[in-house]
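FYI, the numbering just counts along the sequence from 1. Note that this is a predicted model, so its numbers are computed, not measured.
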Amino acid sequence: DLHSFPTRRSSDLFVSPGREKRIKEVPLESMKLLADGAFEAMLPYLAEPFALLGLCFGANLAFETALRCRDAGFVPEGMLISGNRAPHLPSQDNIASMSDEKFLGHLRCLGFIPQIIFDTPDLLELFLPTLRADFLVDASYVYNGTMTPFTFPLALFVGKHDSSTPELSVHAWRAYTTGPFVSREFEGDHLFFALYRDAYLESIKKELLAIIITKRSEERRVGKECRS
């Protein structure tokens, strides 16, 4: 059951500059630094079973964090990815370089920001540097290394009408694992996980259960081989 996984999230353990209690700090503009911070925060808990979940640019943050975990001898039970291109593919947009007016207009169209922030100039001024940093991190990130594919399960969630992430660039994630790979398509655009939250969470639950079942089946198989 899902109790096999800890309830802690890396976002609970690691708050990056520019967010929450660190909102007044200069936000990070490097995927490497973000992944370093997430890994270091998770490190005391990695002896427990864990999976990684990444949404939007967090998909590649999950990938970079998974690399660090594996290099340190802590292999995730699985990884669940939503709404972003595979790590080796460059970004195709120029959102990060837009003027403030165009940048905010684009975010308004995407539905990224609650209306109350647009309606409150002080809040908008507070959040704008972090929002820009997020898009800059995503736009500047490309994985140029050579890696051995992961062996754990990878689940991919995509929006059927997500024009910001071409289908082929999303499905290129398949090459990143030799383990089980599944792809789940949802109605909706880039924010399908917010528009269809209940269905999305139910799919995550099912994939986590599948990961647990796969692990236990493998443990039983290895046990039988050792006894024979």
Side-chain angles (χ1 to χ4, degrees), residues 8-46 50-76 79-100 102-104 106-107 110 112-113 117 123-150 154 156 164-166 169-170 172-173 175-177 190-191 193:
R8 302 180 187 89
R9 299 172 300 170
S10 61
S11 57
D12 296 330
L13 305 172
F14 170 60
V15 178
S16 65
R19 286 178 167 77
E20 299 178 19
K21 62 186 178 183
R22 304 179 69 183
I23 188 66
K24 294 185 179 180
E25 297 181 36
V26 177
L28 298 177
E29 297 182 350
S30 162
M31 186 72 78
K32 178 184 183 300
L33 293 178
L34 285 168
D36 287 345
F39 170 70
E40 289 172 10
M42 293 170 61
L43 190 54
Y45 308 99
L46 293 182
F50 70 99
L52 295 171
L53 169 67
L55 286 72
C56 300
F57 96 86
N60 282 317
L61 177 56
F63 165 73
E64 284 285 343
T65 305
L67 290 178
R68 286 156 176 74
C69 290
R70 184 175 67 176
D71 289 346
F74 302 102
V75 180
M79 188 162 66
L80 301 92
I81 297 301
S82 302
N84 206 348
R85 67 193 187 280
H88 65 284
L89 299 175
S91 173
Q92 299 298 315
D93 65 53
N94 64 341
I95 299 173
S97 61
M98 290 179 176
S99 66
D100 285 352
K102 289 184 178 180
F103 178 72
L104 292 172
H106 187 79
L107 296 189
L110 289 175
F112 266 34
I113 306 176
I117 295 181
L123 278 179
L124 193 57
E125 183 179 357
L126 189 63
F127 282 101
L128 184 58
T130 298
L131 292 167
R132 275 201 172 279
D134 285 352
F135 278 88
L136 179 60
V137 168
D138 183 58
S140 61
Y141 176 74
V142 180
Y143 179 71
N144 292 317
T146 301
M147 63 162 285
T148 302
F150 298 123
L154 196 158
L156 179 69
S164 66
T165 311
S169 70
V170 173
W173 280 99
Y176 284 81
T177 185
H190 190 67
L191 297 182
F193 46 82

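- Atom CD1 of Ile81 sits about 8.5 Å away from atom CG of Leu55, to the nearest 0.5 Å.
- Among all heavy-atom pairs drawn from Ala59 and Asn84, the shortest one is CB-CB, 3.8 Å.
- Distance check, rounded to the nearest 0.5 Å: CG of Leu124 to CG of Asp100 gives 8.5 Å.
- The CE atom of Met31 sits 11.0 Å away from the CG atom of Leu33 when rounded to the nearest 0.5 Å.
- You'll find the side chain of Phe150 stays beyond 4.5 Å of the side chain of Pro76, heavy atoms only.
- A 4.5 Å side-chain heavy-atom check between Asp138 and Arg85 finds at least one atom pair inside the cut-off.
- One distance of note links NZ of Lys32 with CG of Leu61; it measures 13.0 Å at 0.5 Å rounding.
- Under the side-chain contact (heavy atoms from CB on, under 4.5 Å) criterion, Ala72 pairs with Phe39, Phe74, sequence neighbours left out.
- For the pair Asp93/His106, no side-chain contact is recorded, criterion being any heavy-atom separation below 4.5 Å from C-beta on.
- Atom-to-atom distance recorded for Thr65:OG1 and Asp36:CG is 8.5 Å, nearest 0.5 angstrom.
- Of all non-hydrogen atoms in His190 and Cys56, the two that sit nearest each other are NE2-SG, 3.3 Å.
- Nearest heavy-atom pair, Ser30 versus Val137, reported as atom, atom and distance to 0.1 Å: N-CG2, 3.7 Å.
- Summarising the geometry, atom CG belonging to Leu156 is positioned 12.5 Å from atom OG1 belonging to Thr177; distances are rounded to the nearest 0.5 Å.
- Looking at heavy atoms from C-beta onward, Leu104 lies out of side-chain contact with Met98 at the 4.5 angstrom threshold.
- Across all their heavy atoms, Met42 and Cys69 have their closest contact at CE-SG, 4.4 Å.
- No close placement of the Phe63 and His88 rings is indicated, their centers lying 6.0 Å or farther apart.
- Between Pro87 and Trp173 there is a side-chain heavy-atom pair separated by less than 4.5 Å.
- When all heavy atoms of Leu67 and Tyr143 are compared, the closest pair comes out as CD1-CE1, 3.8 Å.
- Proximity of the aromatic rings of Tyr141 and Phe57 is defined here by a centroid distance below 6.0 angstrom, and this criterion is not met.
- Nearest heavy-atom pair, Ala35 versus Glu64, reported as atom, atom and distance to 0.1 Å: CB-CB, 3.6 Å.
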